[in-house]
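These notes are about the structure you will find just below.
By convention here, the first residue in the shown sequence is residue 1. The analysis underlying the following values was restricted to heavy atoms, covering all of them including side chains, and did not include hydrogens, waters or symmetry mates.
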Amino acid sequence: MTKHWTYRKSTGEVVESANKAWTALQGTYAPFKDHAHNTQDIIVWEIDGGWQMYAVANVWYNMQAPGDDETEGLDGKQWDGVMKGCFKYTFRKGGERDVELARTEIYSDP
C-alpha cells in the first residue's frame, strides 16, 4: 500500500495516511474474533495511473463474545453469522512493487 493509503469506512468516514488508516481498518474488524471473505464477484478496470476494483463478498464472522455458531460456511466451518460486503479498491502504478494499494472503501451495514 502507499504511504498515503486512504480508508473509507462503511459509515462514510475517511481516514487518510497509511498508519492511521491501518489502525482504523483493524478497528472495523475488532468485534470479530475470526472472519473470512468469500468473494462472489469482482470487476476491475483501468483508470488514469492505475486500476479500480469492486468486489462483492460474503463476510463470515465469529464475534469476540462467545456465540452460538449457527451458520455453516462453505467449508463446513461454523460461524456466528454472515453478511454481504462490497469493497472498492484503487491501485496505483509505480512504487516499490510496481502496483500499490492507494485506497480501500467498504460498503456494508456499519
Side-chain angles (χ1 to χ4, degrees):
M1 72 183 62
T2 68
K3 65 182 178 181
H4 303 291
W5 174 59
T6 301
Y7 168 52
R8 181 194 173 277
K9 298 179 179 185
S10 61
T11 61
E13 177 187 352
V14 176
V15 182
E16 297 179 346
S17 97
N19 290 338
K20 290 178 185 177
W22 182 250
T23 299
L25 181 64
Q26 289 176 314
T28 297
Y29 286 90
F32 306 132
K33 176 176 68 176
D34 191 14
H35 72 277
H37 295 83
N38 174 251
T39 304
Q40 307 290 290
D41 294 294
I42 293 178
I43 184 169
V44 179
W45 63 96
E46 192 166 1
I47 60 172
D48 186 35
W51 301 269
Q52 284 192 326
M53 178 178 85
Y54 275 100
V56 177
N58 286 327
V59 181
W60 301 88
Y61 61 88
N62 286 321
M63 302 301 288
Q64 291 288 353
D68 295 331
D69 294 330
E70 297 178 354
T71 305
E72 185 173 322
L74 297 176
D75 61 357
K77 181 176 178 174
Q78 296 297 309
W79 297 91
D80 291 337
V82 61
M83 63 182 168
K84 282 286 189 193
C86 180
F87 307 86
K88 179 182 176 185
Y89 303 96
T90 302
F91 298 92
R92 296 283 175 219
K93 296 177 185 176
E96 293 179 22
R97 296 187 178 101
D98 297 326
V99 176
E100 292 183 325
L101 182 61
R103 184 176 176 96
T104 301
E105 300 181 35
I106 295 180
Y107 301 92
S108 78
D109 288 335

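- A heavy-atom distance below 4.5 Å is found between the side chains of L25 and W22.
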Q | Test log, rule side chain to side chain contact (heavy atoms under 4.5 Å, CB included), inputs F91 and M53 | A | CA-CA 8 Å; F91 298 92; M53 178 178 85; 4.2 Å; yes
Side chain to side chain contact (heavy atoms under 4.5 Å, CB included), that's the test. Do M63 and D34 meet it? Break it down for me. CA-CA 7 Å; M63 302 301 288; D34 191 14; over 6 Å; no
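- With sequence neighbours left out, K84 forms a side chain to side chain donor-acceptor pair (under 3.5 Å) with N58.
- For the atom pair OG1 (T6) and CZ (R103), the distance works out to 5.5 Å, reported to the nearest 0.5 Å.
- Between the OG atom in S10 and the CD atom in E105 there is a gap of 11.5 Å [rounded to 0.5 Å].
- The CG atom of D98 lies 15.5 Å from the CZ atom of R92; values are rounded to the nearest 0.5 Å.
- Within the hydrophobic cluster formed by Ile, Leu, Val, Met, Phe, Trp and Tyr side chains joined at under 4.5 Å, directly or through other members, V82 is accompanied by W60, W79.
- Looking at F87 and V56, their side chains never come closer than 4.5 Å, going by heavy atoms from C-beta outward.
- For the atom pair CD1 (I106) and NZ (K88), the distance works out to 13.5 Å, reported to the nearest 0.5 Å.
- In this structure, L74 shares a hydrophobic cluster with no other residue, the cluster being traced through Ile, Leu, Val, Met, Phe, Trp and Tyr side chains under 4.5 angstrom apart.
- The side chain to side chain donor-acceptor pair (under 3.5 Å) check on T90 picks up Q52, with sequence neighbours excluded.
- Residues L101 and I47 are members of separate hydrophobic clusters, defined by side-chain heavy-atom contacts under 4.5 angstrom among Ile, Leu, Val, Met, Phe, Trp and Tyr.
- Other residues, nucleotides and ligands contribute only 12 or fewer heavy atoms inside 6.0 Å of the CG atom of N19.
- With rounding to the nearest 0.5 angstrom, the NZ atom of K77 is 12.5 Å from the CD atom of E72.
- Y61 pairs by the ring pair (Phe, Tyr, Trp, His ring centres under 6.0 Å) definition with F32, not counting sequence neighbours.
- In this view, K33 satisfies the salt bridge (charged side-chain N to carboxylate O under 4.0 Å, His left out) rule with no residue, not counting sequence neighbours.
- Every residue two or more places apart in sequence or in another chain was checked for a side chain to side chain donor-acceptor pair (under 3.5 Å) with K20, and none qualifies.
- Applying the salt bridge (charged side-chain N to carboxylate O under 4.0 Å, His left out) rule to E13 yields the partners K9; only residues at least two apart in sequence or on another chain are considered.
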Residues 36-46 side chain polar contacts: donor-acceptor under 3.5 Å, at least two apart:
| from | atom 1 | to | atom 2 | distance (Å) |
| --- | --- | --- | --- | --- |
| H37 | NE2 | Y29 | OH | 3.0 |
| N38 | OD1 | Q40 | NE2 | 2.5 |
| Q40 | NE2 | N38 | O | 3.1 |
| E46 | OE2 | K93 | NZ | 2.9 |

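- T28 OG1 to H35 NE2: the interatomic distance, rounded to the nearest 0.5 Å, is 10.5 Å.
- Remark: R8 engages no residue in a salt bridge (charged side-chain N to carboxylate O under 4.0 Å, His left out) (not counting sequence neighbours).
- Residues Y7 and W51 fall within the same hydrophobic cluster, defined by Ile, Leu, Val, Met, Phe, Trp and Tyr side chains chained together at heavy-atom separations under 4.5 Å.
- Every side chain to side chain donor-acceptor pair (under 3.5 Å) that T104 has, sequence neighbours left out, goes to W5.
- Listed here is the closest heavy atom pair of T71 and G81: OG1-CA, 4.0 Å.
- Legend: residues meeting ring pair (Phe, Tyr, Trp, His ring centres under 6.0 Å) with Y89, ordered by chain and number and at least two apart, are absent.
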